[in-house]
Protein chains: 2
Amino acid sequence: MTPRRPAGGAAGAETSSREKILDVAEALFAQRGFSGVGLREVADAVGLGKSSLFHHFRSKVDLYLEVLGRVLARIEERVGPVRASALGPAEKLDRCIDALVDALAEQPATARLLLRGLFEDDAFPPEAAAQVAEAERRIQTLIQGIGSILREGIEQGVFRPVSVAHTIQTLIGATVYHFASGEFGEELIGSPLLSGDEVRGRKDHLKALLHHGLGA
Amino acid sequence: MTPRRPAGGAAGAETSSREKILDVAEALFAQRGFSGVGLREVADAVGLGKSSLFHHFRSKVDLYLEVLGRVLARIEERVGPVRASALGPAEKLDRCIDALVDALAEQPATARLLLRGLFEDDAFPPEAAAQVAEAERRIQTLIQGIGSILREGIEQGVFRPVSVAHTIQTLIGATVYHFASGEFGEELIGSPLLSGDEVRGRKDHLKALLHHGLGA
DNA sequence: GTCTATACTACGATAGAC
DNA sequence: GTCTATCGTAGTATAGAC
């Protein structure tokens, strides 16, 4: 949607093949998962031959993990600054939800890919172990950020003494699942999940529920 | 886990091949999804040749949809009676959560398969359209059951006037995702998700959050 | 950087013996 | 009801010309 210039390259260059592949693969992996997508389908959608993909990515697993890495980067970009801010727990949690929801709503594939990353075990080959471990570490860091906010709030008495782990699980489900629910969610809600109004509505719902639900 | 006698058959019969296949396929499909599982893997795990599966199921899609149907039946069995009961909205919602959580915690594959059914679009062939439509209808019925409880509660003033659709989405995420989160969730919670203590803990967390979060 | 050609494996599904 | 054998296709990945 927002093509950028290559990092230090000359002006006038279009989106690189690499980025095109990543964009297409992201949409497809989000819809049907790692095993559900063939490289031929990716290549066709990009407008390349199947073999050309291997010039840009070592393997299908490599492509998938780079897609996942981009998704995580998008979320970190939004949530990171909130975590580093000096707000109180209640306000910080609100801003954290805003940031997470914005990140998940920014592109339709984000939530589905993250959800798949959270509950699927795709049995990746051992040579990808390092990349898999790094993705897990980044997710852990995000989770622990939310955990810190909740713990701080409980210590300060602004939140009820709830289970931090259970609350995180609820929060993940309420955000990631919602924006991953696609057609099903849209039929239930009755309007596009990613429209500006709907995104605002989701934030309001979540913040109100937590305000009443966690408030001391 | 609970082998039953064949419907009208003689005593002493062990679990039928058909049920063995369904059990094995359920576990595998839950872990890796429709495309991630090969029929050879299913057959090996059951102890049959690959071709023998086609004696019991017309196709892989047929097998998958029958697995999904069993999962839905398990949930309906628990949630249905609650919906039909004559309790007030607040108590009915509590019992509904108990029933749903019990159903999801009964077998480890249930939540993952349901979650996949909710957000995945597996592009099934047109000849399976009827079976797919029936599964969607059953899910819709379950959803509408919860919707009715929420609407009734709001009308009677025992719940805040929240968005019913958003609350349902939150509830699905908080229950189905939690029990589908597998290794990730267990690491976060720190103990097996399906143990008796943990299941009770999850129910308590959810009911407390909703009690405070929805209470008028 | 993209292509054609190809290797090798696995897939879902069918036919037919037993 | 299970088996072996086989079909046709598609999967990931590599080699090498351009």
Side-chain angles (χ1 to χ4, degrees), chain A residues 6-7 9-10 12-26 28-29 31-68 122-129 131-132, chain B residues 5-10 12-26 28-29 31-68 122-129 131-132:
Chain A
E14 283 293 317
T15 312
S16 71
S17 276
R18 194 188 152 83
E19 282 175 44
K20 270 191 212 162
I21 296 168
L22 283 168
D23 288 342
V24 164
E26 179 172 319
L28 290 172
F29 283 139
Q31 270 195 304
R32 290 197 292 284
F34 177 76
S35 325
V37 177
L39 292 185
R40 169 169 193 164
E41 195 179 359
V42 177
D44 284 352
V46 180
L48 286 177
K50 205 173 46 163
S51 305
S52 304
L53 301 184
F54 290 92
H55 179 78
H56 300 279
F57 303 94
R58 259 177 270 220
S59 65
K60 185 188 180 183
V61 171
D62 186 41
L63 171 59
Y64 182 79
L65 291 174
E66 291 217 30
V67 165
L68 188 61
D122 282 298
F124 292 121
E127 65 261 27
Q131 239 176 318
V132 171
Chain B
R5 297 276 138 82
E14 283 294 316
T15 313
S16 71
S17 278
R18 192 188 154 81
E19 282 175 45
K20 271 190 212 165
I21 296 169
L22 283 168
D23 288 341
V24 164
E26 179 173 319
L28 289 172
F29 283 138
Q31 271 196 305
R32 288 197 294 284
F34 177 76
S35 326
V37 177
L39 292 184
R40 174 179 188 157
E41 195 180 359
V42 176
D44 285 352
V46 181
L48 287 176
K50 197 175 55 163
S51 304
S52 302
L53 302 185
F54 290 92
H55 179 79
H56 300 279
F57 303 93
R58 260 177 273 209
S59 66
K60 186 188 179 185
V61 170
D62 186 43
L63 171 58
Y64 182 79
L65 291 174
E66 291 218 30
V67 165
L68 188 61
D122 282 296
F124 292 122
E127 65 261 28
Q131 238 175 319
V132 171

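What you see is a predicted model, and the numbers here were worked out from it, not measured in a lab.
Look at NZ on A:K60: it is 4 Å from P on D:dT12, rounded to the nearest Å. Separating the NE2 atom of B:H55 from the P atom of C:dA13 is a distance of 17 Å, rounded to the nearest angstrom. Per the geometry, CZ belonging to B:R40 stands 13 Å off P belonging to D:dC3, to the nearest Å. Per the geometry, CZ belonging to B:R18 stands 13 Å off P belonging to D:dT2, to the nearest Å. In this entry the distance linking CG of B:L53 with C1' of D:dC3 reads 12 Å, nearest Å. Distance A:F57 CZ to D:dT12 P: 15 Å, rounded to the nearest Å. Per the geometry, CG belonging to A:L39 stands 17 Å off P belonging to C:dA10, to the nearest Å. Put simply, CD on A:E127 is 9 Å from P on D:dA13, counting in whole angstrom units.
Phosphate contact (OP1/OP2 of D:dG1, side-chain N/O of B:S52, threshold under 4.0 Å): absent. Between A:S17 and C:dT2, a side-chain N or O to OP1/OP2 separation shorter than 4.0 Å is present. At the phosphate of D:dT2, neither OP1 nor OP2 sits under 4.0 Å from any side-chain N or O atom of B:S51.
Atoms NE2 and OG, on B:H56 and B:S16 in that order, are 7.5 Å from each other to the nearest 0.5 Å. With rounding to the nearest 0.5 Å, the separation of CG in A:L63 from CZ in A:R58 is 13.0 Å.
A donor-acceptor contact under 3.5 angstrom links the side-chain atoms of B:K50 to the base of C:dG12.
You'll find that the side chain of B:F54 is closest to C:dT14, out of D:dT2, C:dT14, C:dC3.
The two atoms that bring A:V37 and A:L28 nearest to each other are CG2-O, 3.4 Å, heavy atoms only.
Counting any heavy atom pair closer than 4.0 Å across all strands shown, B:V37 reaches sugar-phosphate atoms only and no base atom. In this structure, B:V61 reaches neither bases nor backbone, as no heavy-atom distance under 4.0 Å exists between it and the strands shown.
In this pair, A:Y64 and A:F124 present their aromatic rings tilted. The plane angle is within the 30 to 60° band.
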Inset, instruction - Output, in order, the C-alpha distance, side-chain angles, deciding distance and verdict of side chain to side chain contact (heavy atoms under 4.5 Å, CB included) for A:D62 and A:Q131. - result: CA-CA 9 Å; A:D62 186 41; A:Q131 239 176 318; 3.5 Å; yes
